[in-house]
Each structure stands twice: as C-alpha cells, then as structure tokens.
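Worksheet: the structure to be examined is printed underneath.
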Amino acid sequence: MHVRGVGLPDETPTELWIVDGRISTEPVAGADTVFDGGWIIPGLVDAHCHVGLGNGGEIPLEEAVAQAETERDVGALLLRDCGSPTDTRSLDDRDDLPRIIRAGKHLARPKRYAAGFSRELEDEWQLPDAVAEEARRGDGWIKLVGDWIDRGVGDLAPLWSDDVLKAAIETAHAHGARVTAHVFSEDALPGLINAGIDCIEHGTGLTDDTIALMVERGTVLVPTLVNIVENFPGIADAAAAKYPAYAAHMRDLHARGPSRIAAARDAGVPIYAGSDAGTMVAPGRIADEVEALKGIGMSPAEALGAACWDARRWLGRPALDHGASADLLCYAQDPRSGPAVLRDPDLVILRGRAFRPQA
Ligand SMILES: [Zn+2]
C-alpha cells in the first residue's frame, strides 16, 4: 500500500509505503495508492483506559474484544490499560486489535476501591511483593489506587503510608516497571510524588506545592478530564446522604479540578490524553478528551499530540518512522479541527492492515 498527504505534527508532504505490516519511507514498486490528499498521523494513543473492565469488574473476553474494536475504529491504536481485573493478554494474538500496554490489576486495600475492580491487600506491607508480581504480568506499568473514600473517615483519604510507597515504587523500578496512581484528592499526592511515582491519574486535588513537586520530580499527569467533568457530580449526589463531607469534597474537586490541571500544564507538567473508558465512560471517547485538553489551554496541535505523537514518545513507541509497525490514520479533513473529524478517520491502518470504519 501507499499513502500520500500532509504529515503531522510537521505539516510536511508525506508519502509512506507499507510492506509486510511496516512503514517504508522509501518508494516500493507496484504499491497500491489507498489514500491521496489529506492528513496522515500516527495511530492515536488512549493513555488511560480499561480494556476488560465493566461496571461489576471482570467481564467476558468477548466484551473486552468489543471495547478494543471500538477504540480501533476511532483511531486509538495504542492503549495504556490503567488496570483491568480481566486477563486480556490473549488479545495480543489478535492482529486486528489495538496494541495494549497493561498495568496489570489495580492494587488497593479492602473496601478502598470499586468492588470487584482491584486486587485487595489486607496488609499494606504486602504492596511491594504485589507490585513485583504485577510487574511480571504486565507490560511495564503498575497501577495503584492512591486515594478513595475511607468510610470510617467519611471523606477521601490515602490508602498507603509513605514508607510503603517508597518500598513499592522502588520494587517496581527494580523490575523495570513504571508506576501510576489513581488520585482525586490533595492528601495522597505528596507521599506518591516524593516516593518517585512516574505518573498521576486524574490529579484534581493538585495544589501549587504538589504541582511544583511534580515539576521537580518529572512526574507526568493523565487527567481524564471527560470523566471528571461528566461524572464527579453524580458520584457526589449518590453519596451525599450518607457521606456529606465526601460529597462536598467531590463537588469542590469537580469545580476546581480543571483549573488545577491547567495550572499544572502552565507550570510544565507533561500531560497526556486518557479517556478512562471502561466503566463510567464508554469506549471510543479519546477525541472528546483531546477537545477537553484545549479547555485547559492546549493549542489544537498540542492537544492532538497529547493523544498521538507526544504520548507515543512518552510510552516509548514509534510514530511514522521507517521500519515501524504501520499503525496510522488518514483523514480527508484536518484532524486538529475538532472531535467530529478526529473520531472518524477515513482510513485506519493497523499493523499494515486497512480498516475503513464507515464502510
Ligand atoms: Zn481509570
């Protein structure tokens, strides 16, 4: 196959040939031109989603396959799975599904995360060993639940003490894995960042001090803005009668979260796009997250990069490079123009195989 158009982010005329599933930047005789005129970008990245997670936790593998197919059809060809109770490793044998970088199972404490989602550790000092096991099973990431409602306290509270986090994150790094954590609130952030965590998910409770700490430590942020904006009020409403302080805290984080995430960007914290698809957010929403990132001050190109070339570099995956797997998208209209275009690529090429989502 042969495709020709304007390559992003450089806006340079681009011609690519696809041979044996790989990109060639050098001409290949006899290639069939399948796209000509328009825009060409590397496959999108959803840097926070959950393939294999449903409302009650584990789901049948066919449902996980359907989640992955939906992501492929909107152009998300590289998924960072931020924790799944379903073992989806067999999906790696399917060459029609997006590539998945797994974080294994969420690591939490009993009753300190959504029921059925996580591996629950009775004693917090079991965390380093659990991290080592998940690191062996995953694809280079570990997912911790950093804070959740503590029903005894009636508010969000950290799950782990600082010494446990230091030992656990050290163990992950010794196994070659990076660590990220679900964090809504303020209090869990200093312990996690000081322990050397690589990434924070959500980050609605970031303060000027913890933003400065992230800059100092080189910590990355994946905010999942769509989930915050759409779902925090409902979470607060559902809990308000029994846990009013928690509900008020969630409403406050909803009100202030986007401006705190904008402050993190202004301070220089690297931010990538994650939809949080899997439970409250349906699969296939990465284009909406890109749009939401414009709302915290990103330019259209920067927001797209956070779900594409920049996210690929962060995750150590190639873009439109000679010899790379042919995972790319072709658009007749400029994909920076908005979610209606971005979610509807004219041609999806995954491992050198063409998919036309509308056909
Ligand atoms: Zn999530």
Side-chain angles (χ1 to χ4, degrees), residues 44-59 63-64 67-68 70-71 76 78-88 98 100-109 112-120 134 138-149 156 158-159 177-185 188-189 192 197-206 219-232 234-235 250 253-254 257-258 261 271-286 288-290 292-293 306-307 311 314-315:
L44 296 177
V45 178
D46 190 335
H48 181 141
C49 63
H50 304 275
V51 177
L53 181 61
N55 288 329
E58 198 172 346
I59 56 173
E63 286 177 33
Q67 291 173 332
T70 301
E71 299 295 357
L78 179 61
L79 310 177
R80 176 168 163 266
D81 182 336
C82 261
S84 170
T86 309
D87 186 349
T88 62
I100 305 177
I101 297 172
R102 292 177 188 76
K105 290 185 182 175
H106 294 86
L107 296 172
R109 305 289 312 280
R112 295 300 303 281
Y113 199 44
F117 281 28
S118 68
R119 182 168 162 193
E120 298 179 354
E134 296 300 322
D139 301 312
W141 280 91
I142 295 292
K143 175 72 177 291
L144 308 179
V145 178
D147 66 8
W148 194 251
I149 184 172
L156 291 162
L159 270 69
R178 289 188 267 184
V179 185
T180 194
H182 161 110
V183 192
F184 283 168
S185 181
L189 288 164
L192 289 160
I197 198 159
D198 301 278
C199 184
I200 295 292
E201 312 295 316
H202 315 303
T204 41
L206 281 165
T219 321
V220 165
L221 176 63
V222 178
T224 73
L225 286 160
V226 166
N227 194 14
I228 293 163
V229 170
E230 293 183 1
N231 295 319
F232 273 30
I235 295 170
M250 289 298 290
L253 292 170
H254 175 254
I261 292 158
I271 292 180
Y272 300 106
S275 72
D276 214 356
T279 50
M280 301 183 91
V281 176
R285 301 275 318 263
I286 192 62
D288 296 321
E289 185 68 19
V290 170
L293 288 171
W314 172 54
L315 293 169

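Quick note: residue numbers are just sequence positions, from 1. Values reported hereafter were calculated over all heavy atoms of this structure, with side chains retained and with hydrogens, waters and symmetry mates removed. Atoms within a ligand are numbered from 1 in the order they appear, just like the ligands themselves.
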His202 and His48: CA distance, side-chain angles, deciding distance, side chain to side chain contact (heavy atoms under 4.5 Å, CB included) verdict: CA-CA 10 Å; His202 315 303; His48 181 141; 3.8 Å; yes
The Zn ion (ligand 1) to nearest N/O/S of Asp276 below 2.8 Å: yes
Under 2.8 Å: N/O/S of His50 next to the Zn ion (ligand 1): yes
Donor on one side chain, acceptor on other, Arg102 and Ser84, under 3.5 Å: no
From Ile100 atom CD1 to Thr88 atom OG1, the distance as rounded to the nearest 0.5 Å: 4.5 Å
Pair Ser118-Trp148, side chain to side chain contact (heavy atoms under 4.5 Å, CB included): steps then yes or no: CA-CA 13 Å; Ser118 68; Trp148 194 251; over 6 Å; no
Contact check: His48 to the Zn ion (ligand 1), N/O/S below 2.8 Å: yes
